[in-house]
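Some notes on the structure that comes next.
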Amino acid sequence: MKAHLTELLFSVVKQITDYTDSSIIIIDRPKIISHGDFSTNLCLILSKKLKKSPRDVAAIILDKIPPSDLITKIEIAGAGFLNFFLSSKANNVIINSALNLKNDYGKNQTGNHQKIQIEFVSANPTGPLHIGHGRGAAIGDCLARLFEASGWIVTREFYYNDAGEQINNLARSVKASCQNIPTDDPKFPSDGYHGEYINEIAKDFLSMETIECQGESIKASGKIKDTKSMQEFSVAYLRNEQDQDLIAFRTKFDVYSLESSFYENGKVEKVVNTLIKEGHTYEKDGALWLKTTNFGDDKDRVMQKTDGSYTYFIPDVTYHLDKWERGFKKVINEQGADHHSTISRVRAGLQGLNKNIPKDWPEYVLHQMITVIKGNKEIKISKRAGSYLTLRELINEVGCDATRYFLVARRPDSQLVFDVDLAKSQNNNNPVFYIQYAHARISKVLEQWGGDISTLKLDDSFTFDSQAELKLIKSIGIYPEIVLQATNELAPHQIANFLKDCAAELHSYYNDSKFLVEDEKIKIARLSLINSAKYVLRNGLHLLGIEAPQKM
RNA sequence: CUGCCCGUAGCUCAACCGGAUAGAGCACCAGUUUUCUAAACUGGGGGUUACAGGUUCGAUUCCUGUCGGGCAGGCCA
């Protein structure tokens, strides 16, 4: 519909100016219903160039614009806006389009089958997933679903930091637990992990349990001095836990990349050598430094420590080079904002490799921290202190649907308050139930009707006239635009907000009109309308990874 | 001290990358059911968009400064 309007307007623009590109035409959706279905500020933009007042330009365009049976009225308004009002035929086109496309309604092909890789969660295997990882999982997975809906070939990926200092720390903590050293004992590792899960791992390690992890069996040796086995077992144990958390959260990954693998296949070494060869390094204080200041960082960073091991960002750079070499021209990393300082380092490292990787590659979506409130008290999340609200607990208490909704319904870069009591209370007005209820209501009406849903179609001559109907149709018509916009702006929260609005229109309509009426023509029209709304609600919920129940 | 994010109704948050009268939900007040699910609907009050300047036809949005909150600034990740 937008494209249609752009075409009409551009045919006039070509006549009265020398523009050869339709990109100056911006079609908006007005906020206020009396301003019509679409509007454009085109005349305000052209007024300077044509040296005429915006309203005069509007009059000229109005005079020359070709007629269309999808538009019933065009108005000049305000400072010189053009407002377009859709005809009832256009409304019927929208509804029939949704009825025809069904599960595909709302999708677009702007991605043109290009490859995109989205990395998210990527939690260290040093503890169970918490609510912050949940936010990452919800946002990352929804982004993946959005890009799929926009015609991209998506790879979902999880990166495990299963090497390095944090893992040594984990092994030390488990070892201390095996030796029955209490966490408040001075002999307990000072920066060790304190959670109860450490004791669980220790217990299973000592009783020589076997853990299944991504198709591999890892058996604990049970020997306290066997640091290697303890480390392997602990990592496998926690990866297994995290995998189960993610399954419970309906989040699947296509590829798991392991930090350790980049050491094993020699790629880390190769990256280091390339950086040295390209002249971006120097030695100081017994360490090897990367000149990240060459690429916009505010100070240089150590890349090889005095003990010979590498700092975390070298394997990170290696991993990202690997992504690049796998052919991903578009990569999005979803992570917590507390890691934002890695961005400049990873990008600097990639630039230093001199491989013609774009400066702003990869893209990042950073989500801000979450404040968890339970019983009117804030829960501090700290892995090391052991105070913890795990994602699993949250799913068990609140449910997967509600958890996903609340975690994705806010802009990633705003801090969010998650009130556990509010989210889990069943009798409360919960937006998730509100949306699902709208879907269930439609399903029930269609079921009571008992006809063949696939035959529902709107007659060209039918005219909807109630406010409730027109508002619902508008919501259905706008849905594909929301999907595209949410994809382009990396903003899945827009889907959540849209669905709440769309459900509200449906509920209003439901209360306003009866659907199963005597008049066959009216009945079919109304059922066609709510069935198209059903596809929108279901498809939108699917983008959020939330179920659309037939009844509640 | 430096960098990044944020500041919008009592609370939780939107606002289509500069547009028209800043919108929802919760909470509060008043109503709606002999009807396809009242987990719903209808109406009402509530705002100097933290503050002060600047840019222009027009600013919640862009720029500068101030105040306030969060996160970073490890040879941790």
Side-chain angles (χ1 to χ4, degrees), chain A residues 26-32 34-35 39 41 44 47-48 53-54 77-81 83 122-124 126 161 164-169 191 259 285-289 297-299 301-307 309-313 315-316 335-344 366-369 371 406 409-419 422 426-434 436-438 440-442 444-449 468 478 481-482 485-486 488-489 491 493-494 496-498 500-501 503-504 506-517 527 530 551-552:
Chain A
I26 296 164
I27 312 279
D28 280 332
R29 289 280 192 171
K31 290 176 199 163
I32 298 165
S34 64
H35 291 162
S39 73
N41 62 350
L44 285 83
S47 91
K48 241 180 208 169
S53 81
F81 293 96
N83 294 338
S122 294
N124 292 346
T126 54
N161 288 104
E165 189 51 32
Q166 297 286 0
I167 298 301
N168 298 335
N169 190 5
D191 53 353
E259 179 184 7
D285 305 331
L288 188 64
W289 296 67
D297 205 353
D298 52 354
K299 55 179 157 183
R301 309 288 171 174
V302 168
M303 55 184 273
Q304 187 174 26
K305 305 182 223 171
T306 47
D307 68 0
S309 63
Y310 298 110
T311 54
Y312 69 92
F313 77 90
D316 254 21
Q335 34 182 255
D338 54 338
H339 290 102
H340 77 256
S341 60
T342 67
I343 298 175
S344 57
L366 302 179
H367 65 262
Q368 293 290 323
M369 304 292 99
T371 307
F406 279 104
R410 307 296 182 221
R411 276 169 58 215
D413 57 8
S414 74
Q415 299 166 34
L416 82 77
V417 175
F418 196 106
D419 187 330
L422 185 79
Q426 287 289 331
N427 57 345
N428 208 300
N429 257 335
N430 192 323
V432 185
F433 293 140
Y434 184 80
Q436 291 179 324
Y437 184 41
R441 272 183 146 176
I442 298 171
K444 189 61 185 295
V445 172
L446 292 171
E447 187 191 314
Q448 296 220 345
W449 170 56
I478 211 172
E481 295 165 30
I482 299 283
Q485 185 180 308
N488 290 339
E489 296 183 11
H493 72 279
Q494 292 179 357
N497 289 328
F498 165 80
K500 208 169 65 177
D501 292 343
L506 186 281
H507 286 305
S508 288
Y509 185 33
Y510 187 99
N511 278 274
D512 182 67
S513 316
K514 192 169 163 64
F515 308 131
L516 299 175
V517 292
L527 291 175
I530 60 171
K551 62 179 168 191
M552 293 173 71

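Reckoned from all heavy atoms, side chains included, excluding hydrogens, waters and symmetry mates.
With both ends at atom P, the span from B:G54 to B:G45 equals 35 Å, rounded to whole Å. Rounded to the nearest Å, the gap between the C1' atom of B:C6 and that of B:A50 is 12 Å.
Here B:C57 sits opposite B:G19 as a Watson-Crick or G-U wobble pair (both hydrogen-bonding atom distances under 3.5 Å). B:U66 is paired with B:A50 under the Watson-Crick or G-U wobble criterion, all donor-acceptor distances under 3.5 Å. Nucleotide B:A9 has no partner under the Watson-Crick or G-U criteria, as no pair reaches both atom distances under 3.5 Å. Under the Watson-Crick and G-U wobble criteria, each requiring two contacts below 3.5 Å, nucleotide B:C28 is paired to B:G44. Pairing for B:U2 goes to B:A72, judged as Watson-Crick or G-U wobble with the two contacts each under 3.5 Å.
At a cut-off of 3.5 angstrom, counting only N and O atoms as typed in the model, there is no donor on one side facing an acceptor on the other between the side-chain of A:N169 and the base of B:A77. Side-chain N/O atoms of A:N41 and base N/O atoms of B:G19 include a donor-acceptor pair closer than 3.5 Å. The base of B:A77 lies outside donor-acceptor range of the side chain of A:T126, with no N or O pair under 3.5 Å. Taking 3.5 Å as the limit, the base of B:C6 and the side chain of A:Q368 contain no donor-acceptor pair of atoms between them. Checked by distance alone, A:H340 brings no side-chain donor or acceptor within 3.5 Å of a matching partner on the base of B:A72. Interface remark: the A:S414 side chain does not form any donor-acceptor pair with the B:C6 base, using a distance-only criterion of under 3.5 Å.
Side-chain atoms of A:L44 lie closest to B:G19 of the nucleotides B:G19, B:C71, B:A38. Listed nucleotides: B:C13, B:A40, B:A77. Nearest to the side chain of A:R441: B:A40. Residue A:F433 places its side chain closer to B:A39 than to any other of B:A39, B:C36, B:A77. You'll find that the side chain of A:R29 is closest to B:C16, out of B:C76, B:A40, B:C16. The A:T311 side chain lies nearest to B:C75 when the options are B:C75, B:A20, B:G70. The nucleotide whose nearest atom lies closest to any side-chain atom of A:H35 is, among B:A20, B:C75, B:C36, B:A20.
Here A:E165 lies in heavy-atom contact (under 4.0 Å) with sugar-phosphate atoms only. Residue-level contact check: A:H507 touches the backbone only, with heavy atoms under 4.0 Å from sugar-phosphate atoms and none from bases.
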